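Worksheet for the structure shown next.
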Amino acid sequence: FPSDAIRNFSIIAHIDHGKSTLADRLVEGFLTGTIAKLRKGEQQTLDKLKVERERGITGQYSSNSLFKSKYASFGYLFEGTLKAQTASMFHSYMNKCYMLNLIDTPGHVDFSWEVARSLAACQGALLLVDATQGVQAQTLSVFHVAKEKGLVIVPILNKIDLPAAQPELMAAQMQSTFGVNPSDILHISAKTGKGVEKVLEAIIRRIPPPVSALARNDKRLKAFLFDSSYDKYRGVISLVSIQSGVMQRGDRIQSIATSKRYEVTDLGVMYPEEVPTISLREGQVGWMVCSMKDSAHVGDTLHRVGETVEPMPGFKPTKAMVYAGIFPVDSNDFVKLEESIKRLTLTDRSVTVSRESSTALGQGCRLGFLGTLHMDVFRQRLEDEYNANVIITAPTVPYKVVYGDREVYVSNPTNFPDVTDTSNKVKEVQEPVVKASIIVPEEFLGEMMDLLFAHRAGETDYRYLDDSGASSSRILLTSVMPLSEIVTDFFDKLKSRSSGFASFDYEDAGYKASNLAKMVFLINNKPVDALALIVHRSTEHAVGRAWVKKLHRVIPRQLFEVPIQAAIGKKIVARETLSAMRADVTAGLYGGHHERKLKHLENQKESKRRMKKIGSVDLPQEAFFDILSSK
Ligand code: GTP
């Protein structure tokens with residue numbers, strides 16, 4: 001294919017706005033026959049993820065749209081499948097045949113790195129908005145990335161067949177949010193197919209071809225590796241965008257990132273399933289298998305051995321922003337758990353892993369994630385695909401502790417210094433902050449302001465996205481707030497306090513000095529490492545009280561009185577006392593009943609085995625799970 005007949009594009013859309021339906025419609029219309037053969041059952045061809053299928057994400061799963069929104073856009077994370085929605089299609093327009101490559105982009109900026117990478121393989125993006133729902137926060141942030149990359153944006157309003165569609169109002173909203181001209185907005189129904197022809201025309205006419213290589217007349221092979229997945233039988237499968245030259249089977253290639261050399265054993269296009277071809281040429285997008293053993297270096301540039309090329313512009317390396325400890329419920333399962341984690345990270349290099357051990361929970365791993373959605377997806381994968389019974393501790397963020405002349409990042413509260421002890425010479429503590437965006441109907445403005453305030457948000461700005469004047473007018477709220485405030489139950493609260501109408505997104509906004517300290521819990525005067533947490537000093541009493549109450553509830557009574565305390569440095573900020581109980585389990589049984597007596601002793605022994613000892617206090621393992629589980 002001559003590269004002026006190629007178009008590389010992605011679809012930017014909020015969950016449920018119709019991305020899969022449109023992708024399907026585009027492919028379907030122009031591969032008549034091929035698709036019919038590939039289609040298995042009712043399933044949408046391009047929507048082939050296990051999690052998506054299971055949750056029925058394309059379909060009736062509207063009862064839990066939050067869950068959906070968390071899982072739907074992560075196709076590239078799943079083993080054995082290439083990008084869920086990467087496909088090549090052919091379309092004839094004005095007597096010329098075009099190759100249109102649809103490249104999947106994750107819909108959430110937790111994965112901003114991946115978004116940037118996928119978009120780097122495109123020259124344009126379809127910006128798809130549901131005409132009944134309007135613009136959502138996540139669409140907004142992905143749009144900004146696309147705009148930064150200089151992509152041509154094709155604005156589209158979908159679902160115009162629905163009676164609830166408000167195309168004029170939503171077009172005005174798109175104009176004020178994205179700065180697009182209303183006359184450029186296509187009005188379509190991906191479901192009925194109405195207007196889809198116009199989308200194809202716009203892809204061809206508005207989005208430029210990938211001409212750079214052609215213009216330079218450069219024949220050297222330069223391939224941009226923008227995604228990869230792992231297949232049990234074939235090893236690593238990479239998605240590449242050919243920037244210049246031709247890639248063929250048998251080619252000896254080299255990675256710029258690692259200098260490692262490989263032989264191309266197979267390649268082809270996604271049509272939408274993998275179809276082998278003889279070569280991939282400049283401008284094309286396709287899959288490639290070479291003898292890569294471990295994971296591919298996504299964002300890498302590949303060239304032919306013996307030639308040199310300029311690497312593609314660097315992509316910010318992934319930076320873990322949310323950490324959590326992960327432990328097997330049964331400590332004998334640690335090896336299995338670690339193996340499962342290693343296998344999963346083969347297809348998702350952005351997860352960082354290190355070992356962690358805790359007196360309370362035994363041996364485990366500490367995992368670092370790009371964000372909370374990333375963590376949820378990983379947890380789900382671990383549970384689903386490996387059937388691993390695990391406990392994941394409440395998430396924490398990386399704090400920056402500033403000493404006289406150095407800064408130390410602390411991602412595990414156990415390692416956080418006692419800031420009240422001046423001999424530690426801590427000058428300042430900083431926490432990661434994010435710029436949060438919420439899009440919500442105006443009637444929920446008050447609720448949202450309260451919620452933001454309760455989560456230590458700074459000054460909040462807001463502006464109207466449309467001027468319908470109705471209470472359903474949408475507003476965009478932006479505010480800088482601590483990341484730690486959104487890693488637990490913020491999403492759930494946001495959804496419930498806006499009756500499900502709010503959409504939320506955030507982006508990294510650096511670090512900010514904050515009045516934080518480590519809270520330690522003492523059970524019978526012994527600190528418990530796994531329970532340490534970082535609190536803002538303004539909330540220390542409330543947090544301390546809530547936690548000691550919780551501990552009081554789950555710790556069984558002992559033979560002696562047990563104080564449960566929350567401390568910051570040497571200061572006790574909350575306390576409960578567990579009263580003593582009598583030890584002799586047989587005391588209540590009067591003479592003679594020997595068997596019963598034995599049974600009781602046996603029971604006691606059994607439960608002892610599952611006990612953890614904190615000083616002289618016996619704690620059942622389950623109590624820790626109750627306390628620490630982030631669920
Ligand atoms: P996920 O599959 O959850 O990632 O969402 P998505 O953005 O890919 O949306 P999807 O294509 O699955 O569409 C979501 C729902 O909207 C489905 O029930 C579709 O049938 C429906 N839908 C999509 N496009 C249209 C349309 O033009 N009109 C109507 N009435 N429904 C549509």
Side-chain angles (χ1 to χ4, degrees), residues 10-26 42-77 84-85 102 104-111 115 125-143 155-167 169-170 173-174 177-178 186-196 199 373 376-377 380 437-441 465 472 474 491-492 494-496 498-505:
S10 28
I11 305 178
I12 300 173
H14 188 72
I15 247 49
D16 245 2
H17 283 200
K19 181 164 140 180
S20 314
T21 311
L22 177 61
D24 225 19
R25 204 55 79 232
L26 290 174
E42 299 286 81
Q43 201 176 299
Q44 275 176 296
T45 319
L46 299 177
D47 213 358
K48 53 190 173 186
L49 304 177
K50 178 168 178 273
V51 172
E52 284 200 4
R53 271 203 313 271
E54 273 179 5
R55 313 281 161 191
I57 272 167
T58 330
Q60 353 57 15
Y61 205 76
S62 53
S63 57
N64 188 349
S65 60
L66 180 68
F67 185 88
K68 246 176 105 163
S69 64
K70 285 188 174 184
Y71 289 95
S73 342
F74 308 119
Y76 64 99
L77 282 176
Q85 297 176 341
L102 165 59
D104 191 38
T105 321
H108 193 273
V109 284
D110 253 18
F111 304 94
V115 173
L126 311 183
L127 180 66
L128 190 69
V129 171
D130 183 328
T132 67
Q133 302 277 314
V135 178
Q136 305 288 311
Q138 292 171 15
T139 318
L140 192 59
S141 31
V142 181
F143 164 80
I156 304 174
L157 274 171
N158 188 29
K159 306 199 187 181
I160 50 156
D161 60 298
L162 289 177
Q166 296 178 288
L169 181 66
M170 297 311 174
Q173 214 178 72
M174 285 179 90
T177 321
F178 304 119
L186 303 176
H187 293 222
I188 71 160
S189 166
K191 191 173 178 178
T192 65
K194 186 166 181 232
V196 172
V199 175
L373 281 91
D376 284 349
V377 170
Q380 184 69 31
S437 314
I438 298 174
I439 294 182
V440 73
L465 294 183
S472 61
R474 284 178 180 261
F491 284 103
D492 301 336
L494 181 91
K495 284 286 165 186
S496 71
S498 66
S499 305
F501 282 110
S503 67
F504 172 74
D505 209 348

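Computed from a predicted structure; not experimentally measured.
S10 and L102 make their closest contact through CA-CD1, 4.0 Å (heavy atoms, listed as atom of the first residue, atom of the second, distance). When all heavy atoms are compared, the tightest approach of P155 to M174 is CB-CE, 3.7 Å. For the residue pair G18 and A190, the shortest heavy atom distance occurs at O-CB, 4.5 Å. The two atoms that bring L157 and I160 nearest to each other are O-CG2, 4.1 Å, heavy atoms only. For the pair K159 and A165, the tightest heavy-atom approach, listed with the atom from each and the gap, is O-CB, 3.6 Å.
In terms of modelled atom types and a separation under 3.5 Å, the side chain of K495 and the main chain of A502 share a donor-acceptor contact. Judged purely by atom type and a 3.5 angstrom limit, S503 uses its side chain to pair as donor or acceptor with the backbone of A137. With hydrogens and angles disregarded, no donor-acceptor distance shorter than 3.5 Å links the side chain of R474 to the backbone of L465. H14 places no side-chain N or O within 3.5 Å of a backbone atom of T139 that could act as its donor or acceptor partner.
Screening D130, I439, L127 for a side-chain contact (heavy atoms from CB on, under 4.5 Å) with V135, the sole residue that qualifies is I439. Considering L140, V142, L128, L126 in turn, V142 is the only one that fulfils the side-chain contact (heavy atoms from CB on, under 4.5 Å) rule with I12.
For T177, the side chain to side chain donor-acceptor pair (under 3.5 Å) test picks out no residue, with sequence neighbours left out.
In this structure, CD1 in I156 is found 10.5 Å from NE2 in H187, a value given to the nearest 0.5 Å. The distance from the CD atom of Q136 to the CG atom of D505 is 11.0 Å, given to the nearest 0.5 Å. From F501, atom CZ reaches atom CD of Q133 across 8.0 Å, with rounding to the nearest 0.5 Å. With rounding to the nearest 0.5 angstrom, the OG1 atom of T21 is 11.0 Å from the CG atom of L26.
Residues D161 and K194 have side chains not in contact (no heavy-atom distance under 4.5 Å, counting atoms from C-beta outward). A 4.5 Å side-chain heavy-atom check between L22 and I188 finds at least one atom pair inside the cut-off.
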